[in-house]
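Below is one structure, written out as structure tokens; the observations come after it.
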Amino acid sequence: MAKTQNPLVAGVDSSTQSCKVLVCDAETGEVVRQGRASHPDGTEIHPSEWWTAFESAIADGLLDGVSAIAVGGQQHGMVTLDESDEIVRPALLWNDTRSAQDATELIGEFGGAQRWATEVGVVPVASFTATKLRWLRRAEPESLDRTRTCVLPHDWLTGQILKQGNGFESWTTDRGDASGTGYWSAGSGDYLPEVLDLVVGRQLELPRVLGPTEVAGRTDSGLVVAPGTGDNMGAALGLGLRPGDAVISLGTSGTAFARHDAAIADASGAVASFADATGGFLPLLATLNAARVMTAGASMLGVDLAELDRLALAAEPGAGGLTLLPYLDGERTPNLPTATGTLSGLTRANATPENLARAVVEGMLTNLAEALAALRGQGVRVERVLLIGGASASKAVRSIAADLFGAEVHLPVSGEYVALGAARQAAATLLGTDLPDWEVSTDAVLAPDVRASERTAELRGRYAHLRSQLHGIPE
């Protein structure tokens with residue numbers, strides 16, 4: 001008798017840079033085929049570009065035989081829709097910082113950072129959707145007047161899949177992505193009308209928040225569309241994150257997040273109290289500067305990334321006293337949207353390509369080590385670190401990371417974990433079960449060198465002192 005084929009599911013990663021689609025075996029998670037298409041560069045983009053990229057990524061029958069699909073998307077983006085569900089203006093993405101002043105004003109208007117942290121779970125920074133809506137109210141009031149609905153990038157793409165398949169009923173989102181808006185609380189599990197009224201001056205129609213495996217809709221062809229989620233929540237699903245795990249992602253931006261059993265309230269604003277896509281919590285910090293710090297360093301030295309690696313590994317730890325604050329594009333955590341990068345401690349003796357390369361890598365990683373420390377400071381248990389993202393392939397990063405993070409570092413095999421997590425959610429939604437247990441292979445395990453603790457402390461001390469001197473952040 002012929003073996004019955006397991007159903008196929010698809011997961012989408014609609015990120016800042018591109019749209020990636022994986023088609024997977026619903027039972028095992030095996031990737032059977034995949035597609036990809038690029039998005040235009042910039043911090044403002046018309047959502048139609050996401051649909052164009054999605055259609056290109058699934059060309060040539062990529063979704064043939066697929067029974068369910070879910071979208072993982074970049075968080076925080078502001079997609080404004082009029083009463084006919086037409087786009088009012090191009091979407092502002094998470095990395096658009098024009099609403100920095102609006103964020104500052106909102107903190108005071110709602111009674112201060114502690115109230116935001118306690119009632120909302122986040123303290124406004126330019127990344128969050130709420131601050132972008134306030135910017136719209138201030139800078140483009142006519143656009144806000146036309147806006148009936150505000151959705152997130154993953155919500156919009158999910159809705160388009162259903163609309164194209166004649167299965168759209170209403171706009172939906174999930175608790176993970178909703179928790180990054182600034183007007184939905186992971187702690188209470190509700191939208192906050194008082195906050196939205198403060199931000200916008202009136203109420204908007206907002207997407208319905210679905211449960212972790214609740215069906216968003218079905219197309220005419222029978223394709224089940226799962227809730228989808230934000231990209232970080234999708235990555236947590238794809239990695240099979242368990243309690244005690246933290247993820248450091250070194251992509252264009254950097255993130256540090258971990259599973260936790262309760263909402264937190266960090267009045268400093270460093271740790272956002274996000275929800276995850278399973279019903280739990282995913283406290284998270286994000287930085288604007290990660291892999292592109294290394295790209296900038298390589299450009300400054302006139303070398304490629306492989307040579308940057310070689311140079312960094314040829315230098316002694318600590319880079320001869322050079323310290324880099326890697327705020328090349330401003331920074332989100334700490335909240336320094338107008339900051340620039342700073343190289344300190346330069347002397348004739350340490351002015352070598354090797355030390356500069358080492359300072360670039362150490363500066364980038366120390367920024368993320370500080371993020372990890374902030375998670376621990378909120379009571380989040382971190383027993384091992386999963387290191388992902390493009391820069392995790394760097395030999396210098398792998399040599400330095402475990403010592404700086406102070407934990408065992410696991411390197412999952414290279415993969416599209418946001419798309420894989422979305423596919424895993426689609427499988428659970430299709431099958432009506434718990435999330436399937438898909439194996440995640442590990443490329444390497446890196447243990448911290450206990451003998452390096454003194455030099456690591458010295459490096460982080462220099463970093464904290466410089467940050468305090470320049471930006472007033474306590475050491």
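Because the structure is predicted, anything quoted here is derived from the model rather than measured.
Evaluation of the side-chain hydrogen bond (donor to acceptor under 3.5 Å, both in side chains) rule for Ser268 yields Asp266 as partners, not counting sequence neighbours.
Pairs engaging residues 155-168 under the side chain to side chain donor-acceptor pair (under 3.5 Å) rule: Asp85-Lys163, Asp155-Thr173, Asn166-Asp220 [sequence neighbours left out]. Applying the side chain to side chain donor-acceptor pair (under 3.5 Å) test to residues at least two apart or on different chains, the pairs with a partner in residues 117-131 are Ser99-Thr131, Gln114-Thr118, Arg115-Glu119, Ser127-Arg332. Identified under the salt bridge (charged side-chain N to carboxylate O under 4.0 Å, His left out) test for residues 238-260, with sequence neighbours left out: Arg242-Asp245, Asp245-Arg384.
A side-chain contact (heavy atoms from CB on, under 4.5 Å) with Leu250 holds for exactly one of Thr287, Val293, Val397, Ile388; it is Val397.
Using cut-offs of 30° and 60° on the angle between ring planes, the pair Phe54 and Trp51 is tilted.
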Extract all donor-acceptor atom pairs below 3.5 Å that involve side chains of residues 361-374 and protein atoms in other chains or at least two apart in sequence.
from	atom 1	to	atom 2	distance (Å)
Glu362	OE2	Gly318	N	2.9
Glu362	OE2	Arg358	NE	2.8
Thr366	OG1	Glu362	O	2.7
Asn367	OD1	Tyr463	OH	3.1
Asn367	ND2	Glu331	OE2	3.3
Glu370	OE1	Arg467	NH2	3.4
Glu370	OE2	Arg460	NE	3.3
Glu370	OE2	Arg460	NH2	3.1

Throw together a table of side-chain donor-acceptor distances under 3.5 angstrom for residues 438-447, partners on residues two or more places apart or in other chains.
from	atom 1	to	atom 2	distance (Å)
Trp438	NE1	Ala26	O	3.4
Asp443	OD2	Arg398	NH1	3.1
Asp443	OD2	Arg398	NH2	3.4

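A donor-acceptor contact closer than 3.5 angstrom is absent between the side chains of Gln425 and Thr229.
For Glu55, the CD atom is densely surrounded, since the number of other residues' heavy atoms within 6.0 Å is greater than 12. The environment of CG in Asp437 is sparse: at most 12 heavy-atom neighbours from other residues, nucleotides or ligands sit within 6.0 Å.
Ionic pairing of Glu44 and Arg98 is present here: one or more N-O contacts between side-chain nitrogen and carboxylate oxygen are shorter than 4.0 angstrom.
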